[in-house]
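To keep things clear, I will list the structure first and then write my remarks on it.
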Amino acid sequence: MKIKTKLTLGVGLLFFLIVLLVALGVKQIHSLADDTENILTANYNSMDYSRNMLKELDKIETEQQSPTQFFEYLKLQNRNITEIGEKELTRNLTEDVVLFQKDPANPKNSIQIRKDLNDIMKLNMDAINRKSIVASKTADSGIFWISITGTLCFVIAFTLLINLPGNIANPIKALTESIRQIAAKNYSQRVHFEGHDEFGDLATSFNTMAEKLQEYSNSNLEKLMMEKKRIETLINNLHDPVIGLDAQHTILFANEEALKISGLQAEAVIGKSAQEIAISNDLIRMLLQYISEDSTLKNKEPLKIYADRKESYFEKQLVPILITPTGETEKKAVGAFIILRNITAYKELDTAKTNFIAMVSHEFKTPIASMKMSLQLLENESIGMLNEEQKQLVSGIKDDTKRLLRTTGELLNITQVETGNTQLKIESCPIHTIVENAVEATHLLAAQKAISLEVVLPENLPEIHADLEKTTWIVSNLISNAIRYSYENSSILVKAVLQNDTVQISVQDNGMGIAPQYKNKIFDKYFRIPGSEKEGTGLGLAISKEFIEAQGGSITVASELGLGSTFIITLKV
Ligand code: ADP
């Protein structure tokens, strides 16, 4: 039965019984009132008239009072005849009253009247008794019916009270719980409501929905598992080691290459905290440290690991996994990948290249030195006079030899840097010596372009702890760059200042300047600003940076395109 029908029937029946109870009560009270009224008007009045007539008769006999009042009561009695036989008794009374009027002295007449009145009173008394019994019966039947109806009402109301709230609330409760389970992705949840009411229909719809969700979820799960396997296979087949971590640094996966170079077993790693593993594994410890470093300060040096029975080099790359959770707009970090790019092959090629450059530039040094000597002999004209044309040729060859020497020197320096063989000879050096030597080495170049070299060196500058030869080379390289990238007839300022416990040597030119996007790149090896027409190797600044940093100093540049550049080196006192 439908809940609506159940409710309508239950409440309707209750309503009907209440109405019945009220009607019955009213009816019973009404018939009781009728009975009482009947007794009052029909019998009690007749008794009252008779009693009054007896009183009046006494007064007539003893006090000779007029019978007017008596006749009044007699008249009322005549009008109030309600019982069978009362009419005859009243008629007898009237006749006896006539006789009494005719002969009042005759005691028989008054006795007769008294007897008549007593008969009327008795008749009414009997009627009152009879009617009381009837009224009592009416009351009994009223109580009976009201009790029956009341009990019925109670039973129905009690049944409704016990069953109705549960009937409605229990299925809602069960449904709420099931919806909660579905929300928690427990799609196997079903509801079972017996009966064909609205809840039955609801259960059928709910179960259909849950079934569809389960089907959908299963198909998705299968798809996801497939995708997971595909990605796992892909990561496992990568030649580069890859390690995946969640936000709490629990290792989610490590591909075969990663396991190989770390010397770990999958079972001992997957699902374990990286911190825990780092206690006994150097590679994981290094990677954890790399993750925790500030992104701008991250150590970019390749990792050197003994793998594949040789020294191998790996470039670290941290890829944060950022996702936007469903219903949210902000991206959230849920973990990271660490990819170790195996650069051993490039490193080997690079080493071969460095060795080759070192060997070639070393081999060049002796022939260049003998060329210089030969040129010196020619220039001195110790082996014969030269005509003007020959002199010009000698001068040209001399310039080229100088350039060749410079390039060979730079190449040798860079090979030292690349192989990590930079030999420093740190000593106390006077700034004046460094700057003056550097200016001395470049003043001819400046003169060729009619560039004036201005030197500002305060007196009493302290000595610095540096490699004299290399620092002089750096300053002369900066001045030579300033000359090469400046216009003719311009000026260059070489300055040294004391700043706290450091000395800053700056080389300022009014040349072509450097575009902002190249400011950091010019310190990279072999980098030359595109379109640069001047000859060069792109090594000078890279070597300068390496040399200066090896001495614990730094090199910076401030430049404005078209206006000039200022290179500043800072060294500790
Ligand atoms: P190069 O041998 O090419 O001069 P460097 O390493 O000394 O190599 O310089 C790298 C690049 O930086 C140069 O090619 C040049 O474009 C730029 N550069 C260096 N110094 C200056 C300067 N003072 N003014 C403008 N550009 C400069």
Side-chain angles (χ1 to χ4, degrees), residues 353-354 357 360-361 364 368 399-418 422 435 438-439 441-456 469-496 504-550 553-570:
K353 174 216 75 185
T354 308
I357 293 174
V360 170
S361 24
F364 276 4
I368 294 171
D399 282 351
D400 287 342
T401 317
K402 261 192 204 157
R403 213 165 23 241
L404 203 55
L405 200 64
R406 190 177 115 100
T407 307
T408 324
E410 280 184 359
L411 285 173
L412 263 178
N413 281 338
I414 201 73
T415 55
Q416 266 186 33
V417 167
E418 284 181 352
T422 313
V435 175
V439 170
T442 49
H443 81 278
L444 274 177
L445 199 63
Q448 278 171 13
K449 285 179 87 175
I451 291 174
S452 69
L453 277 177
E454 198 186 330
V455 180
V456 177
E469 196 191 319
K470 291 201 164 53
T471 313
T472 309
W473 186 90
I474 295 165
V475 179
S476 72
N477 181 60
L478 291 180
I479 301 173
S480 134
N481 273 356
I483 298 167
R484 286 192 300 137
Y485 300 108
S486 282
Y487 308 106
E488 287 188 0
N489 301 310
S490 59
S491 64
I492 290 168
L493 174 65
V494 184
K495 210 165 73 177
Q504 290 188 343
I505 305 171
S506 62
V507 179
Q508 185 184 353
D509 64 56
N510 306 304
M512 56 184 65
I514 300 160
Q517 68 268 33
Y518 300 127
K519 269 189 201 164
N520 287 328
K521 293 200 154 181
I522 54 171
F523 296 102
D524 290 349
K525 278 184 280 181
Y526 305 105
F527 180 81
R528 310 200 65 229
I529 293 179
S532 186
E533 285 164 8
K534 304 276 178 276
E535 287 172 357
T537 55
L539 287 172
L541 288 177
I543 298 166
S544 302
K545 189 167 187 282
E546 291 290 343
F547 279 176
I548 209 81
E549 284 177 358
S554 65
I555 180 165
T556 54
V557 61
S559 181
E560 203 132 335
L561 192 63
L563 292 178
S565 318
T566 306
F567 284 85
I568 302 169
I569 58 169
T570 307

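In listed order, ligands and their atoms are each counted from 1.
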With Asn477 as partner, the option from Val475, Asn481, Ile479 fulfilling side-chain contact (heavy atoms from CB on, under 4.5 Å) is Asn481
Checking Ile474, Ile522, Thr556 against Phe567 for side-chain contact (heavy atoms from CB on, under 4.5 Å), the one that qualifies is Ile522
Heavy atom to atom 8 (O) of ligand 1, shortest distance: which of Gly536, Pro530, Gly538, Gly513 holds it? Gly538
Please say whether [X] places an N or O atom under 3.5 Å from an N or O atom belonging to ligand 1.
X: Arg484; result: yes
X: Thr537; result: yes
X: Glu535; result: no
X: Asp509; result: yes
X: Phe527; result: no

Leu478 side, atom CG; Ser506 side, atom OG - distance, nearest 0.5 Å: 10.0 Å
Would you mind telling me if ligand 1 is within reach of the side chain of Ile529, the backbone, both or neither, using heavy atoms under 4.0 Å? both
Would you kindly specify which portion of Tyr518 sits under 4.0 Å from ligand 1, judged on non-hydrogen atoms: side chain, backbone, both or neither? neither
Parallel, tilted or perpendicular: which fits the ring planes of Trp473 and Phe547, with parallel below 30° and perpendicular above 60°? perpendicular
Return the residue, atom name and 0.1 Å-rounded distance of the protein heavy atom closest to [atom].
atom: atom 19 (C) of ligand 1; result: Asn481 ND2, 3.6 Å
atom: atom 24 (N) of ligand 1; result: Tyr485 CB, 3.4 Å
atom: atom 26 (N) of ligand 1; result: Ile514 CG1, 3.5 Å
atom: atom 6 (O) of ligand 1; result: Leu541 N, 2.8 Å
atom: atom 3 (O) of ligand 1; result: Arg528 NE, 2.6 Å
atom: atom 12 (O) of ligand 1; result: Ile522 CG2, 3.4 Å

Any idea which atoms of ligand 1 are less than 4.0 Å away from a heavy-atom of [X]?
X: Gly540; answer: 5 (P), 6 (O), 7 (O)
X: Ser565; answer: 24 (N)
X: Phe567; answer: 20 (N), 21 (C), 22 (C), 23 (N)
X: Leu539; answer: 6 (O), 8 (O)

Does atom CG of Asp399 have more than 12 heavy-atom neighbours from other groups under 6.0 Å away? yes
For atom NZ of Lys353, decide whether the heavy atoms of other residues, nucleotides or ligands shown that lie under 6.0 angstrom number more than 12. yes
Run the side chain to side chain contact (heavy atoms under 4.5 Å, CB included) check on Asp509 and Ser490 step by step: do they pass? CA-CA 8 Å; Asp509 64 56; Ser490 59; over 6 Å; no
Walk me through it: do Lys449 and Tyr487 pass the test side chain to side chain contact (heavy atoms under 4.5 Å, CB included)? CA-CA 8 Å; Lys449 285 179 87 175; Tyr487 308 106; over 6 Å; no
Are the side chains of Lys525 and Val417 in touch, meaning some heavy atoms are under 4.5 Å apart? no
Exam field: side chain Thr566 to backbone Val507, donor-acceptor pair closer than 3.5 Å: no
Do any N or O atoms from the side chain of Ser486 and from the backbone of Ile483 form a donor-acceptor pair under 3.5 angstrom? no
